[in-house]
Colleague: 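Handing you a structure now.
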Amino acid sequence: MKVSSDTKLYAIIGDPIEHSLSPVMQNVAFQHLDLDSVYLAFRVRPQDLEAAIAGMRSLGVLGFNITIPHKVSVMKYLDKVDYQAIEVGAVNTVVNKNGVFVGYNTDGAGALAALREENVELKGRRTVLLGAGGAARALAFSIAPLTESLVILNRTESKAKDLASAIKRFNAAAEGKKLSEATLRSKLADADVLINSTPVGMYPRVGECLVNGSLMHSRMVVFDVVYNPPETRLLREAKKAGAKAVGGLNMLVHQGVLSFKIWTGIEPPVDIMFRAAEEALEGKSD
Ligand code: NAP
């Protein structure tokens, strides 16, 4: 890769940031397409966020991703926010359009693209979503118009209920409940799709799992947004129950693909980005 004074800069900001797979994935796409651009990761502490965004403006950074813990707080420093990101309440992608910073959220559309690639049909299906945080909100808004019913189960019940009311206009059958053994048992018995959008099971706490395989069935699809490890304990439980198991790495790649398209208007090489992310993950999780 040649870097010159013409090279365009893209970035990701978060705290922590050293485990991010985005630099590997985005740089491989720039290289494959022979674009004179680089993508770097910056650790930005919460108290430095405003200064970091001002710095992006003065340096002319053309686009950046935002990850934990800045997805909500970054919104107040942007010039415009896309209506879907406003609904979700979080931004993961910013594009610099001639000095105007516009925020988007590609997590929900990334999840839908990943499910499509796995031939998972949501239309006419009953879906149970675990969690009501940032990822769950992005997923809920994307899935609600498609799925027949959507049950949101969350540790903090009020957040599940709030999210269910926010998506009610897209899905009249949406309901929010407390995540418990009893609600899991009753709601999973006739569910077609189970989605975990909590960090439970994520490296290094890989032994944790919110749902035992005995509550799953073989006609079910189980999608875990956690991508490290690629096969979580939840997905192993799903396989044991004979269910179809889908990991979160594809969603990560597709949300990055959508960011790339917002920045450049060019379709990036999805397979190459996936392989780069997968290889980088193998190197990080041991
Ligand atoms: P978040 O905003 O902090 O939300 C976390 C959610 O998980 C909350 O609903 C929280 O419940 C619940 N939760 C946390 N610990 C729990 C536990 N021990 N038991 C039960 N529920 C628990 O986080 P987020 O941004 O949504 O991220 C969630 C996960 O998604 C992370 O692992 C992240 O890496 C992953 N993610 C993946 C992708 C991808 O592309 N694959 C994209 C975005 C995020 P309370 O409301 O009760 O606190």
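The structure displayed is predicted, hence computed values, not measured ones. FYI, the numbering just counts along the sequence from 1. Each ligand, and each atom within it, is numbered from 1 in the order the structure gives.
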Colleague: Which is closest to atom 22 (C) of ligand 1 by heavy-atom distance: K71, R137, R155?
Modeller: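 It is R155 whose heavy atom sits nearest to atom 22 (C) of ligand 1.
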Colleague: Could any protein non-hydrogen atom be found less than 4.0 Å from atom 48 (O) of ligand 1?
Modeller: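 Flag for atom 48 (O) of ligand 1 set to true, protein heavy atom closer than 4.0 Å.
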Colleague: Does the protein place any heavy atom closer than 4.0 Å to atom 33 (C) of ligand 1?
Modeller: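 Within 4.0 Å of atom 33 (C) of ligand 1, no protein heavy atoms are found.
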Colleague: Looking only at non-hydrogen atoms, which of A132, G247, S197 approaches atom 28 (C) of ligand 1 most closely?
Modeller: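 Minimum heavy-atom distance to atom 28 (C) of ligand 1 goes to S197.
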Colleague: Would you mind checking which non-hydrogen protein atom is closest to atom 4 (O) of ligand 1, with the distance to 0.1 Å?
Modeller: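 It is G133 CA, 3.4 Å.
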Colleague: Assess whether a salt bridge exists between K177 and E157, defined as any Lys/Arg side-chain N lying under 4.0 Å from an Asp/Glu carboxylate O.
Modeller: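 A salt bridge is absent here (no side-chain N lies under 4.0 Å from a carboxylate O).
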Colleague: If we set the cut-off at 4.0 Å for heavy atoms, which region of M251 has an atom near ligand 1: side chain, backbone, both, or neither?
Modeller: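 Contact part for M251 vs ligand 1: both backbone and side chain.
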Colleague: Give the atoms of ligand 1, by number and element, whose distance to some non-hydrogen atom of Y227 is under 4.0 Å.
Modeller: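 Taking each heavy atom of Y227 in turn, ligand 1 has 41 (N) under 4.0 Å.
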Colleague: Test your reading of the structure: does T156 have an N or O sitting under 3.5 Å from an N or O of ligand 1?
Modeller: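 Min N/O separation from ligand 1 is below 3.5 Å for T156.
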Colleague: Under the criterion ring-ring contact (aromatic ring centres under 6.0 Å, His included), I'd like the reasoning laid out for Y10 against F260: C-alpha separation, chi angles, the key distance, then a yes or no.
Modeller: CA-CA 10 Å; Y10 296 84; F260 191 100; 7.7 Å; no
Colleague: Is L179 in polar range of ligand 1, meaning some N or O pair under 3.5 Å apart?
Modeller: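 Among all N and O atoms of L179, none is under 3.5 Å from an N or O of ligand 1.
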Colleague: Give the numbers and elements of all ligand 1 atoms closer than 4.0 Å to a heavy atom of M202.
Modeller: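 Here the atoms of ligand 1 in question are 32 (O), 34 (O).
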Colleague: Can you list the ligand 1 atoms lying under 4.0 Å from a non-hydrogen atom of D107?
Modeller: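 Under 4.0 Å from D107, ligand 1 has these atoms: 42 (C), 43 (C).
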Colleague: Applying ring-ring contact (aromatic ring centres under 6.0 Å, His included), run through F101 and F64 and close with a yes or a no.
Modeller: CA-CA 10 Å; F101 276 24; F64 54 99; 5.8 Å; yes
Colleague: Tell me if a side-chain donor or acceptor on E121 pairs with a main-chain N or O of K123 at a distance below 3.5 Å.
Modeller: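 Yes, the answer is positive, given that a donor and an acceptor are paired below the 3.5 Å cut-off.
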Colleague: If the cut-off is 4.0 Å to any non-hydrogen atom of G131, which atoms of ligand 1 fall inside it?
Modeller: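 Per the distance check, 9 (O).
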Colleague: Give the residue, atom name and distance (to 0.1 Å) of the protein heavy atom nearest atom 46 (O) of ligand 1.
Modeller: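 Sorting protein heavy atoms by distance from atom 46 (O) of ligand 1 puts K159 NZ, 2.7 Å first.
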Colleague: Salt-bridged, K168 to E175, with N to O below 4.0 Å?
Modeller: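 Looking at E175 together with K168, the answer is no, because their closest N to O distance does not fall below 4.0 Å.
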Colleague: My understanding is that only one of R125, R126, K187 makes a side-chain contact (heavy atoms from CB on, under 4.5 Å) with S149; could you say which?
Modeller: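 The residue from R125, R126, K187 that satisfies side-chain contact (heavy atoms from CB on, under 4.5 Å) with S149 turns out to be R126.
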Colleague: Using a distance-only test with no angle check, is there a side-chain donor-acceptor pair under 3.5 angstrom linking N65 and Y39?
Modeller: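 Distance-only check passes for N65 and Y39.
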Colleague: Look only at the side chain of Q26 and the backbone of P23, and say whether a donor-acceptor pair between them is shorter than 3.5 Å.
Modeller: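 Not a single qualifying donor-acceptor pair exists.
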Colleague: Applying a heavy-atom cut-off of 4.0 Å, say which part of N154 lies close to ligand 1: side chain, backbone, both or neither.
Modeller: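 It is the side chain that touches ligand 1; the backbone stays farther off.
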Colleague: Would L210 count as being in polar contact with ligand 1, using the rule that some N or O on each side must be under 3.5 angstrom apart?
Modeller: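 In this structure, L210 places no N or O atom under 3.5 Å from an N or O of ligand 1.
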Colleague: Who gets closest to atom 27 (O) of ligand 1 by heavy atom: A135, P69, G248?
Modeller: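 Of the listed residues, A135 has the closest heavy atom.
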Colleague: Is a side-chain N or O of R233 found less than 3.5 angstrom from the main chain of G207, in a donor-acceptor match?
Modeller: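 Indeed, once roles are kept as given, a pair shorter than 3.5 Å links the two residues.
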Colleague: Of V226, V200, L21, which has the heavy atom at the shortest distance from atom 19 (N) of ligand 1?
Modeller: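 Comparing heavy atoms across V226, V200, L21, the nearest one to atom 19 (N) of ligand 1 lies in V200.
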Colleague: For atom 41 (N) of ligand 1, tell me which residue out of T232, V225, L139 has the closest non-hydrogen atom.
Modeller: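 Checking each option, the heavy atom nearest atom 41 (N) of ligand 1 is found in V225.
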Colleague: Determine the sole option in N196, L179, L188 for which the side-chain contact (heavy atoms from CB on, under 4.5 Å) test with V211 is passed.
Modeller: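 Filter result, single survivor: L188.
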Colleague: Which ligand 1 atoms, with their elements, are less than 4.0 angstrom from a heavy-atom of G134?
Modeller: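 Heavy-atom distances to G134 below 4.0 Å select 2 (O), 26 (O).
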Colleague: Does a donor on one side chain sit under 3.5 Å from an acceptor on the other, for Q84 and N105?
Modeller: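 No, no side-chain donor-acceptor pair sits under 3.5 Å.
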Colleague: Nearest protein heavy atom to atom 5 (C) of ligand 1, by residue and atom, and its distance?
Modeller: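 That would be P199 CD, 3.9 Å.
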Colleague: Where is the tightest heavy-atom contact between G248 and Y227, given as atom of each residue plus distance?
Modeller: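 What the structure gives for the nearest pair is C-CB, 3.6 Å.
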